[in-house]
Amino acid sequence: MERNTLTINLMEAQLVGQVFDFVVDDVVFQKIDGLVTKGNIKSHVVCQKAEQTDFLFTIHSEGTVCVPCDRCLSDVELRIDTTDELKVKLGDTYEDDGDVLTVPSAEAFLDVSLPIYEFVVLSMPIKRTHEPGKCDVVMMEEFSKHQAARSSGEGTENNESSNGSDGEDAQPHDSRWDALAKLNH
């Protein structure tokens, strides 16, 4: 059964072994206002342990998210499939120390939207780009123009010093960098 709200009542009797199925969609991603703005993730949450104030949940999330491509900035769709553990305890105030999420005892409701979001983001590849040749053509043409201008020296200050001399204060050429410069061409 899929639930519309992404909360779990920690005071529910017989919580151990219970299964919660959630859908994390565009509305949830936009409320979080992070790197991911669109997506459709189905999360399967199982309570592994529930002892007085300590809980352990296993969260399996699967689906797709859209993030800006690192190369062309247009949306790239990434496939997500991750299984993580979430340790929760009841306490006085809300606190997330990285290892354990503390939920106020007075509330006793765990909102799993942010932990699921964090697990999704952590499972994404470091380099988020389209397949070769699939980037936005217009953006890649602009990028190529600017890259060519940088490597040819256009758009940079000329080597004359600010006092108008003919390059007397210019940095000497270091030939050790020539091999690296050839890689840009």
Side-chain angles (χ1 to χ4, degrees), residues 1-137 139-140 143:
M1 168 176 97
E2 291 178 0
R3 297 178 182 218
N4 291 337
T5 63
L6 289 127
T7 58
I8 297 172
N9 182 352
L10 297 175
M11 300 310 277
E12 197 172 299
Q14 302 299 322
L15 195 56
V16 174
Q18 272 204 40
V19 177
F20 304 89
D21 289 314
F22 299 106
V23 175
V24 182
D25 57 11
D26 297 353
V27 174
V28 176
F29 286 124
Q30 289 166 2
K31 281 181 185 176
I32 293 174
D33 192 31
L35 175 68
V36 178
T37 56
K38 294 188 269 186
N40 188 0
I41 299 290
K42 292 186 182 224
S43 292
H44 185 74
V45 181
V46 180
C47 182
Q48 302 292 334
K49 172 183 145 189
E51 296 175 358
Q52 294 181 12
T53 60
D54 294 330
F55 305 87
L56 177 64
F57 295 93
T58 299
I59 302 174
H60 177 78
S61 298
E62 194 172 340
T64 57
V65 294
C66 289
V67 295
C69 173
D70 290 340
R71 237 183 272 138
C72 71
L73 302 179
S74 64
D75 282 348
V76 60
E77 189 174 272
L78 300 176
R79 183 92 184 110
I80 301 297
D81 190 351
T82 182
T83 301
D84 303 279
E85 286 189 345
L86 176 64
K87 296 175 184 173
V88 179
K89 73 176 185 176
L90 293 174
D92 295 329
T93 60
Y94 180 87
E95 186 179 332
D96 185 357
D97 72 3
D99 292 330
V100 178
L101 181 63
T102 304
V103 175
S105 298
E107 286 179 24
F109 279 91
L110 170 64
D111 180 353
V112 293
S113 59
L114 191 56
I116 290 173
Y117 174 85
E118 290 173 347
F119 292 141
V120 165
V121 169
L122 288 172
S123 73
M124 293 187 321
I126 292 172
K127 188 174 182 181
R128 297 171 295 271
T129 59
H130 289 100
E131 294 293 321
K134 302 288 182 183
C135 279
D136 181 281
V137 175
M139 184 61 85
M140 294 311 294
F143 179 70

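What you are looking at is a predicted structure, and each value in this text was computed from that prediction instead of being measured. Quick note: numbers below take in every heavy atom, side chains included, and nothing from hydrogens, waters or symmetry partners.
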Heavy-atom nearest pair, P68 first then L35, reads CD-O, 4.0 Å

When K38 is tested against each of D25, D75, D26 for side-chain hydrogen bond (donor to acceptor under 3.5 Å, both in side chains), which residue passes? D75

Which pairs would a plain distance check flag for residues 92-102, meaning a side-chain donor or acceptor within less than 3.5 Å of a matching protein atom at least two apart in sequence or in another chain?
{"from": "D96", "atom 1": "OD1", "to": "G98", "atom 2": "N", "distance (Å)": "3.1"}
{"from": "D97", "atom 1": "OD1", "to": "D99", "atom 2": "N", "distance (Å)": "2.9"}
{"from": "D97", "atom 1": "OD1", "to": "V100", "atom 2": "N", "distance (Å)": "2.8"}

Taking C-beta and beyond as the side chain, do D136 and L73 meet within less than 4.5 Å on heavy atoms? no

Do V28 and Y117 have side-chain heavy atoms sitting under 4.5 Å apart? no

Would you give the length of the straight line joining atom CZ of F119 to atom OG1 of T83, rounded to the nearest 0.5 angstrom? 10.5 Å

Does NZ belonging to K31 count more than 12 external heavy atoms closer than 6.0 Å? no

side-chain contact (heavy atoms from CB on, under 4.5 Å) partner of V120, the single match among D84, I80, V24: I80

Can you measure from NE2 (H60) to OG1 (T82) and round to the nearest 0.5 angstrom? 8.0 Å

Given the rule in the side chain to side chain contact (heavy atoms under 4.5 Å, CB included) test, do F20 and T7 qualify, once you have shown the distances and angles that lead to the verdict? CA-CA 9 Å; F20 304 89; T7 58; over 6 Å; no

F57 vs I8, test: side chain to side chain contact (heavy atoms under 4.5 Å, CB included). Steps then yes/no. CA-CA 11 Å; F57 295 93; I8 297 172; 4.0 Å; yes

Flag side-chain contact, heavy atom, 4.5 Å: H130 against C72: yes

Can you tell me if T64 uses its side chain to pair, donor with acceptor, with the backbone of L78 under 3.5 Å? no

Less than 4.5 Å apart, side chain to side chain, heavy atoms only: is that true for T129 and V76? no

Hey, does the side chain of D70 reach the backbone of R128 with a donor-acceptor pair shorter than 3.5 angstrom? yes

May I ask you to test the D21-K42 pair for a side-chain heavy-atom distance under 4.5 Å? no

Applying side chain to side chain contact (heavy atoms under 4.5 Å, CB included), run through L114 and I32 and close with a yes or a no. CA-CA 7 Å; L114 191 56; I32 293 174; 4.2 Å; yes

